[in-house]
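Worksheet: one structure, shown below.
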Amino acid sequence: MANSRLANYEFFKVILPGSSKTKLKLPDKFVRELEHEHGQILRDAKLHVAGRRRQLWDVRVVVDDVTGGAYLTRGWLQFTRAHDIGDGLFLVFRFDGAATFAITVFDPTMCRRDYYRHDAGESGSSSSGGGDGDCDSDSDASEGDGDGGGGDVATSQFAVTLRLCNLGEKQAQYLNVPVEFQEAHGYAKRAEVALRMRGRTWTVRLKHSRKQKGQRAALRYGWHQFCVDNGLAVGDTCFFRLLPVPNHAGAGDDDDGDHVLKVSVRKADGTFIE
């Protein structure tokens with residue numbers, strides 16, 4: 001990995017209906033950071049699915065002379081076709097500081113797509129997330145990547161498309177936390193988390209229950225108020241990202257200290273709030 005302050009820089013993109021299939025715009029902030037670090041924009045880059053670094057895809061980076069925006073172009077279409085990437089998917093990009101992006105794919109069920117099972121004939125996107133579904137089913141953010149590369153991406157973030165069980169009557173609203181994420185961050189011993197969005201913070205208490213595959217944790221008390229205050233509805237997709245613990249946090253802090261999830265939302269109509 002390159003010795004760069006941009007090593008492990010992350011951003012996400014949502015594949016919106018009607019968007020170009022042959023190119024993908026890179027975030028303007030990332031492009032500015034890249035120019036500041038290297039003095040220029042990349043002309044060529046490599047892509048791989050997180051955990052599968054041995055399979056690299058070459059892509060061309062092109063700058064629009066009019067808008068100044070930077071796009072992944074030649075090679076992007078081939079990458080998306082090879083990995084069945086289409087409308088409604090969340091893609092999390094992690095830059096290595098040099099010229100390579102590790103991409104983690106989340107499908108509408110809130111789960112990280114497992115390309116190992118996908119290759120074996122079990123599609124990771126077989127569920128569309130429609131209807132009210134079974135919100136008590138086990139939904140892991142990841143099932144692991146085999147060779148370990150990029151595995152921490154899945155335990156730093158997850159995505160959820162809201163269903164009726166997440167937005168029912170006030171006393172019954174809850175949101176299950178994916179198993180891999182909660183295990184990575186000790187949710188069994190945690191009592192509450194903080195959700196941060198639009199410059200505000202909501203404290204949400206966890207409800208713990210025992211399932212067939214072990215203890216589960218769900219966002220419960222305070223989740224209703226978070227949904228109401230932000231106007232969330234069925235079909236909205238929430239993207240949760242764990243914020244880093246400040247360096248000043250002492251070793252004596254309790255398990256609930258500084259555990260903050262930054263939330264961004266893609267509304268069902270395609271607009272974003274964060």
Side-chain angles (χ1 to χ4, degrees), residues 10 12 50-51 90 92 94 104 106-114 129 133-145 148 150-163 165-168 170-197 200-227 229-230 232 236-265 274:
E10 291 182 329
F12 74 88
F90 270 85
V92 179
R94 171 175 286 189
T104 306
F106 291 88
D107 69 22
T109 68
M110 78 180 259
C111 298
R112 181 181 180 182
R113 178 174 287 179
D114 184 347
D134 179 8
C135 286
D136 285 328
S137 62
D138 290 325
S139 300
D140 296 4
S142 169
E143 301 235 5
D145 282 311
D152 56 341
V153 176
T155 56
S156 64
Q157 55 215 325
F158 62 94
V160 181
T161 298
L162 299 180
R163 292 179 277 179
C165 56
N166 308 130
L167 298 166
K170 179 177 179 179
Q171 300 303 321
Q173 290 184 4
Y174 65 96
L175 181 77
N176 282 331
V177 179
V179 172
E180 181 171 337
F181 186 91
Q182 63 179 273
E183 289 181 347
H185 302 292
Y187 272 43
K189 297 181 180 179
R190 196 174 294 282
E192 61 185 33
V193 301
L195 303 182
R196 184 169 298 167
M197 184 171 167
R200 294 180 57 189
T201 300
W202 289 259
T203 298
V204 178
R205 295 189 63 80
L206 299 173
K207 180 178 180 180
H208 299 90
S209 59
R210 227 166 237 293
K211 300 295 182 183
Q212 187 175 2
K213 294 184 179 181
Q215 184 162 310
R216 295 295 307 274
L219 304 181
R220 184 65 184 272
Y221 309 104
W223 169 249
H224 167 78
Q225 194 61 50
F226 174 81
C227 293
D229 290 347
N230 291 290
L232 302 187
D236 293 347
T237 301
C238 298
F239 188 87
F240 298 82
R241 176 170 59 88
L242 179 64
L243 295 181
V245 176
N247 292 330
H248 64 266
D253 290 347
D254 61 30
D255 286 333
D256 292 323
D258 301 303
H259 191 82
V260 180
L261 301 179
K262 177 70 173 66
V263 186
S264 303
V265 176
E274 57 183 356

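Just so we're clear, the structure is a prediction, and the values are computed from it rather than from any experiment.
Looking at every heavy atom in both residues, Leu243 comes nearest to Lys262 through CD2-CB, 3.7 Å. Contact detail for Val204 and Arg220: the closest heavy-atom pair is CG1-N, 3.8 Å. Heavy-atom minimum distance, Phe181 versus His185: O-CD2, 3.1 Å. Annotation for Trp202 and Met197: closest pair CZ3-O, 3.5 Å, computed over non-hydrogen atoms. Heavy-atom minimum distance, Arg112 versus Thr104: NE-CG2, 3.1 Å. When every heavy atom of Asn166 is checked against every heavy atom of Thr161, the shortest pair comes out as OD1-O, 4.1 Å.
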Stepwise, does the side chain to side chain contact (heavy atoms under 4.5 Å, CB included) test hold for Phe106 with Arg113? CA-CA 6 Å; Phe106 291 88; Arg113 178 174 287 179; over 6 Å; no
Hey, mind stepping through Leu162 and Thr237 against side chain to side chain contact (heavy atoms under 4.5 Å, CB included) and telling me if it holds? CA-CA 6 Å; Leu162 299 180; Thr237 301; over 6 Å; no
Working for side chain to side chain contact (heavy atoms under 4.5 Å, CB included), residues His259 and Leu242: CA-CA 7 Å; His259 191 82; Leu242 179 64; 3.6 Å; yes
One pair to check against side chain to side chain contact (heavy atoms under 4.5 Å, CB included): Arg200 and Asp229. What are the steps and the verdict? CA-CA 10 Å; Arg200 294 180 57 189; Asp229 290 347; 3.7 Å; yes
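Of the residues Asn176, Leu175, Val160, the one that meets the side chain to side chain contact (heavy atoms under 4.5 Å, CB included) test with Leu219 is Leu175.
Atom CG of Leu261 sits about 11.5 Å away from atom SG of Cys238, to the nearest 0.5 Å. Between the CD atom of Gln157 and the CZ atom of Phe240 there is a distance of 12.5 Å, given to the nearest 0.5 Å.
No side-chain heavy atom of Val265 sits under 4.5 Å from any side-chain heavy atom of Asn230.
In this structure, Tyr174 has its ring center no closer than 6.0 Å to that of His224.
Judged by distance alone, the side chain of Gln182 and the main-chain N or O of Ala217 form a donor-acceptor pair under 3.5 Å. With Arg94 contributing its side chain and Ala50 its backbone, the two residues share no donor-acceptor pair below 3.5 Å. At distances below 3.5 Å, not a single donor-acceptor pair connects side-chain atoms of His208 with backbone N or O atoms of Ala218.
Checked against side chain to side chain donor-acceptor pair (under 3.5 Å), Thr201 has the following partners two or more places apart in sequence or in another chain: Arg196. When the ring-ring contact (aromatic ring centres under 6.0 Å, His included) test is applied to Phe12, the partners found at least two apart in sequence or on another chain are Phe90, Phe239.
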